[in-house]
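One structure is given below, encoded as structure tokens.
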Amino acid sequence: MGLRERGFFSIDALFAVTLLLIISSSFLHVYEGRRGTAELMSARLEAKVAGEKLAAAINTVYANGSNFEVDVELPQKIGGHFYKIEFDNNARQVVVENSAWGSVGAGVVCKNVSDFVLERENLGNTIRVCWVGNTVTVVNA
């Protein structure tokens with residue numbers, strides 16, 4: 001009778017450990033999913049801030065006239081990813097995009113901004129927003 005009770009106890013213990021592992025792995029899966037979502041939201045917000053910073057510089061240069069220029073520092077990476085910034089003149093928006101978080105836009109007031117694209121090699125350096133002729137231009141400083 002002693003052997004039979006030991007075997008029965010071992011099966012109960014094995015069942016309890018298996019159940020504990022299943023519950024723990026499901027909690028881990030939920031945690032990883034939420035962590036990934038939080039990182040994506042953080043990167044998207046950081047991209048929005050970078051776009052707003054450049055849009056504010058464009059608006060400031062436009063408002064102050066042709067002899068005014070502003071230098072802007074933008075991060076080389078957002079959320080550990082390279083990104084690109086371009087200007088959509090039809091929508092009058094600075095668009096920050098990456099395949100990880102998609103694209104976010106920041107509007108500008110003026111219509112006369114020359115189209116530009118800032119990619120990996122431009123970002124991380126100083127960006128100058130200035131007048132060239134009758135248009136606001138964004139170039140590397």
Side-chain angles (χ1 to χ4, degrees), residues 1-66 68-141:
M1 194 168 204
L3 292 176
R4 188 179 266 176
E5 287 177 7
R6 266 195 236 156
F8 185 73
F9 179 74
S10 297
I11 290 173
D12 282 347
L14 182 63
F15 178 71
V17 169
T18 303
L19 189 60
L20 181 65
L21 287 174
I22 290 171
I23 292 171
S24 297
S25 67
S26 66
F27 279 125
L28 182 63
H29 180 68
V30 169
Y31 168 76
E32 286 295 323
R34 289 189 181 187
R35 189 175 133 237
T37 302
E39 287 175 356
L40 182 63
M41 286 174 55
S42 174
R44 195 168 170 81
L45 182 61
E46 200 175 332
K48 180 75 171 171
V49 168
E52 291 285 346
K53 185 176 183 180
L54 187 57
I58 291 171
N59 288 333
T60 302
V61 168
Y62 177 72
N64 284 296
S66 61
F68 194 77
E69 62 184 36
V70 172
D71 289 342
V72 179
E73 297 286 333
L74 297 172
Q76 187 173 16
K77 291 183 177 183
I78 292 177
H81 301 283
F82 288 107
Y83 64 102
K84 105 176 162 176
I85 298 179
E86 57 186 23
F87 185 74
D88 182 2
N89 220 341
N90 295 326
R92 292 191 299 188
Q93 268 194 338
V94 174
V95 180
V96 182
E97 62 185 348
N98 175 285
S99 60
W101 66 76
S103 65
V104 290
V108 297
V109 177
C110 57
K111 294 181 182 178
N112 51 346
V113 177
S114 63
D115 289 334
F116 63 86
V117 176
L118 301 173
E119 296 197 57
R120 175 188 314 196
E121 56 274 356
N122 306 111
L123 299 167
N125 300 326
T126 302
I127 307 297
R128 178 163 290 147
V129 182
C130 59
W131 284 91
V132 174
N134 290 329
T135 60
V136 176
T137 306
V138 177
V139 295
N140 280 344

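FYI, the numbering just counts along the sequence from 1.
Without hydrogens or angle criteria, Asp71 side chain to Thr126 main chain gives no donor-acceptor distance under 3.5 Å. Of the possible donor and acceptor atoms, one in the side chain of Tyr83 sits under 3.5 Å from a partner among the backbone N and O of Pro75.
Across all non-hydrogen atoms, the minimal contact from Leu74 to Ala50 is CD2-O, 3.8 Å. Here the shortest heavy-atom pairing between Ser66 and Trp131 reads CA-CD1, 3.3 Å. Between Gly107 and Asn59, the shortest heavy-atom contact is O-ND2, 4.1 Å. The heavy-atom pair separating Glu97 from Ser103 by the smallest distance is CB-CB, 3.6 Å. In terms of heavy atoms, Gly79 sits closest to Ala43 at CA-CB, 4.2 Å.
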message: Ile78 vs Asn98, test: side-chain contact (heavy atoms from CB on, under 4.5 Å). Steps then yes/no.
response: CA-CA 9 Å; Ile78 292 177; Asn98 175 285; over 6 Å; no
field: side-chain contact (heavy atoms from CB on, under 4.5 Å) between Phe68 and Thr60, intermediate numbers included
entry: CA-CA 9 Å; Phe68 194 77; Thr60 302; 3.7 Å; yes
- prompt: Run the side-chain contact (heavy atoms from CB on, under 4.5 Å) check on Val108 and Phe87 step by step: do they pass?
  reply: CA-CA 10 Å; Val108 297; Phe87 185 74; 3.5 Å; yes
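Sequence neighbours left out, the pairs with a member in residues 45-55 that pass salt bridge (charged side-chain N to carboxylate O under 4.0 Å, His left out) are Lys48-Glu52.
If you take CD1 on Ile58 and OG1 on Thr137, they are separated by 10.0 Å, rounding to the nearest 0.5 Å. Here the NE2 atom belonging to His81 is positioned 14.5 Å from the CD atom belonging to Gln76, to the nearest 0.5 angstrom. Taking CH2 of Trp101 as the start and OG of Ser42 as the end, the distance is 10.5 Å to the nearest 0.5 Å.
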Quiz: residues 110-120 side-chain donor-acceptor pairs under 3.5 angstrom, not counting sequence neighbours:
from   : atom 1 : to     : atom 2 : distance (Å)
Asn112 : ND2    : Asn134 : O      : 2.8
Ser114 : OG     : Val136 : O      : 3.4

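Here the side chains of Asn140 and Ile127 are in contact, with some heavy-atom distance below 4.5 Å. Counting only heavy atoms from C-beta outward, the side chains of Leu54 and Val129 approach each other to under 4.5 Å.
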